[in-house]
Amino acid sequence: MATSSDWAVEATGLVKIFGDNRAVDGVDLRVRTGSVYGVLGPNGAGKTTVIRMLATLLRPDAGHATVFGHDVQHEAQIVRQLIGVTGQYASVDETLSATENLVLFSRLNGLGRAESRVKANELLEEFGLTAAAKRPLKNFSGGMRRRLDLAASLISQPPLIFLDEPTTGLDPRTRSQMWDTIRRLVSTGSTVLLTTQYLDEADQLADRIAVIDTGRVVAEGTADELKASVGKSSLQLRLLDPADRDDAVRAIRSVLGVDVTLSPEAARITAPMQDPDRITDLLVALREQNISLTELAVQKPTLDEVFLTLTGHGVENDSETRPDASETPRGRVNA
Amino acid sequence: MSTITSTIQSGVSRELRNHVSVGQTVRNSFSMAYRGLLKVRRTPEQLIDVTLQPIIFTVMFTFIFGGAIAGDVASYLPLLIPGILVQTVITTSVVTGVQLREDMDKGVFDRFKSLPIARIAPLAGALLADTVRYTIATTITFVVGFILGYRPEGGIGMVVLAGLLVIVCSWALSWIFAFFGVIARSASSVQGISFLVLFPLTFLSNAFVPSDTMPGWLQAFVNVNPVSHLVSAVRDLANLGTIGGDFWLALLGAAVVVAIFAPLTVRAYMRKA
């Protein structure tokens with residue numbers, strides 16, 4: 001039996017029902033202290049509801065959850081002293097400036113007037129917001145808001161931080177900045193529980209991942225374990241001359257030793273990619289046979305494919321109903 | 001860099017308490033009231049109702065009704081100013097409920113709920129900060145009245161006491177609107193319900209005209225309407241410098257409203273918070 005210091009979060013059988021919708025339908029989670037735990041799932045899967053229950057914002061209809069051994073329902077006030085919550089929406093006061101927000105939250109966290117000022121300035125500097133400190137939040141970009149939101153969650157230096165979709169809607173550069181910030185956070189000893197819609201993000205940050213779909217955990221494990229369950233990346237080739245198709249398919253078979261899938265218009269070939277080193281051999285073989293390519297791409301497994309593999313249905317609708325779009329879902333490649 | 005790079009104290013080694021002390025509740029409430037005042041400073045247009053409304057209403061009513069009701073403007077002022085004061089400040093208290101609803105719908109409210117603060121603090125802070133609005137409205141109404149020629153006989157001390165009475169009573173009434181704010185679905189419905197309650201209370205009173213020309217059934221209502229007692233109390237204080245029975249009735253009415261609506265509001269609020 002693990003002691004409470006080993007587990008930052010232990011939840012068993014969490015249920016939340018809204019009307020006749022079982023938003024969360026028996027979720028079990030165990031998050032080890034000092035780790036980053038990713039909850040992965042599409043919109044409406046119940047990720048936010050799980051976080052809200054763990055963060056004492058919502059009362060579970062059934063089940064039991066503890067944070068560092070403290071019950072989220074009966075010891076809510078203790079749990080609140082141990083957590084920081086950053087919502088999907090920037091949960092800061094939009095009518096106040098960045099400094100005013102941080103001072104207010106510092107005061108509410110029990111810091112004195114002077115301490116609050118110091119803390120606010122420290123955090124503004126840390127998150128690169130000093131220049132914008134006095135500006136109204138209405139003029140903040142999405143990335144700046146998220147940073148301020150995260151800064152506000154860190155005032156009490158909580159040992160457990162909930163990040164609800166910390167990078168949804170951010171541009172790639174801001175997203176990677178956010179990832180750096182989260183990594184630094186973890187290096188200080190914080191435990192992070194984050195939700196995301198992006199497999200890539202969970203892969204980059206999380207030690208363990210739970211995949212949630214329609215309120216249930218459908219898979220749990222490390223990023224590698226999860227990826228192994230959905231298969232590897234695929235190689236996509238587009239030929240200059242569709243007439244070369246059969247030669248190209250033969251070359252792939254002999255060099256990579258795998259079967260390929262052809263797109264209906266036959267201009268594109270998709271092959272499972274087991275060993276990236278062999279791609280060079282393939283390209284050399286194609287050159288020797290004078291087969292010209294217009295495009296070469298490597299397609300990683302997407303969240304869609306994780307879902308296809310784990311749940312048998314796609315993220316939004318069944319991929320079978322979708323005409324063959326430019327991104328061929330992995331499920332079809334294997335089919 | 002010190003903020004993020006310093007090692008975080010582990011969850012089990014912290015000293016934790018599962019209840020909030022009275023002292024902390026008061027401190028949290030004042031922090032939330034401070035937030036309310038910062039919001040006002042950031043969005044000064046919120047003060048339009050407590051600054052322009054008393055000016056416009058006082059000037060308008062004085063010149064429209066003055067001659068007809070009291071013969072001339074100067075003799076209408078002692079009747080009108082207490083009435084318009086009560087009407088303006090009470091109307092202002094509706095905003096408490098509307099803003100509370102707007103606040104509770106915002107993302108920031110989730111953060112308040114996730115902090116180890118007294119649950120009641122956001123509500124208490126909002127009610128506390130709004131007393132500043134009542135003070136502004138009260139001051140402006142008296143000043144406009146003074147400019148128009150109103151010279152309260154009761155003296156400055158009694159005028160201040162009258163102002164305080166109005167502020168206390170409006171604060172009491174704001175619990176009603178805070179209750180609507182907590183239970184209603186949207187800010188605009190709070191406004192709708194509140195004005196439905198407010199209009200009969202303020203207009204079916206002796207605030208603008210003496211009640212003796214009204215039909216008997218209306219007089220009956222006007223005479224039990226707590227707003228009438230408040231207006232009479234303010235008139236007694238400002239114009240005569242006396243504390244009459246209406247003063248105590250107004251305070252009693254305020255106490256009854258708080259006794260009923262404060263527990264209701266707090267209960268509804270805690271269920272949601």
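Side chains are part of it too, since the values below use all heavy atoms of this structure and drop only hydrogens, waters and symmetry mates. Computed from a prediction, not measured in an experiment: that's the story for all the values here. Just so we're on the same page: letters track the sequence lines, and every chain starts at 1.
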Restricting to non-hydrogen atoms, name the atom on [X] and the atom on [Y] that form the minimum distance, rounded to 0.1 Å.
X	Y	answer
B:G107	A:S91	O-CB, 3.3 Å
B:P116	A:Q81	CB-CG, 3.3 Å
B:S114	A:V85	CB-CG2, 3.7 Å

Is it true that atom [atom1] of [X] has more than 12 heavy atoms of other residues, nucleotides or ligands lying nearer than 6.0 Å?
X	atom1	result
B:F203	CZ	yes
B:F199	CZ	no
A:R183	CZ	yes

Donor-acceptor pair, B:R111 side chain versus A:D93 backbone, under 3.5 Å?
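No, the answer is negative, given that no donor and acceptor are paired below the 3.5 Å cut-off.
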Exam field: side chain A:Q77 to backbone B:I117, donor-acceptor pair closer than 3.5 Å
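Flag set: sc A:Q77 to bb B:I117 pair under 3.5 Å.
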Contact origin within A:S153 toward chain B - heavy atom pairs under 4.5 Å
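For A:S153, the contact with chain B is made by backbone and side chain together.
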Check: Is it the backbone or the side chain of A:A151 that comes under 4.5 Å from a heavy atom of chain B, or both, or neither?
Finding: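 Nothing of A:A151, per the 4.5 Å heavy-atom cut-off to chain B.
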Check: Could A:E100 and B:R41 be called an ion pair, given the rule that one side-chain N must be under 4.0 Å from one carboxylate O?
Finding: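 Looking at B:R41 together with A:E100, the answer is yes, because their closest N to O distance falls below 4.0 Å.
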Can you find a pair of side-chain heavy atoms, one from [X] and one from [Y], that are under 4.5 Å apart?
X	Y	answer
B:R35	A:L108	no
B:L115	A:N109	yes
B:R42	A:S97	yes

Check your understanding: Can you tell me how far OG1 of A:T95 sits from CD of B:Q46, rounded to the nearest 0.5 angstrom?
Key ->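 Atom-to-atom, B:Q46:CD and A:T95:OG1 are 7.5 Å apart.
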Open item on the list: I need the B:L38 CG to A:L96 CG distance, nearest 0.5 Å.
Closed with: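 So the gap between those two atoms works out to 5.5 Å.
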Practice prompt. Would you mind checking which part of B:F112 comes under 4.5 Å of any heavy atom in chain A, side chain (CB onward), backbone (N, CA, C, O), both or neither?
Written response: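 When you check distances to chain A, only side chain atoms of B:F112 fall under 4.5 Å.
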query: Is the NZ or CZ atom of A:R107 positioned over B:Y34's six-membered ring, under 6.0 angstrom from the centre and within 45° of the axis?
result: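 Not flagged: A:R107 not positioned over aromatic ring of B:Y34.
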Item to complete: Go through the steps for B:F109 and A:L57 under the test side-chain contact (heavy atoms from CB on, under 4.5 Å), then give the verdict.
Response: CA-CA 10 Å; B:F109 215 78; A:L57 298 175; over 6 Å; no
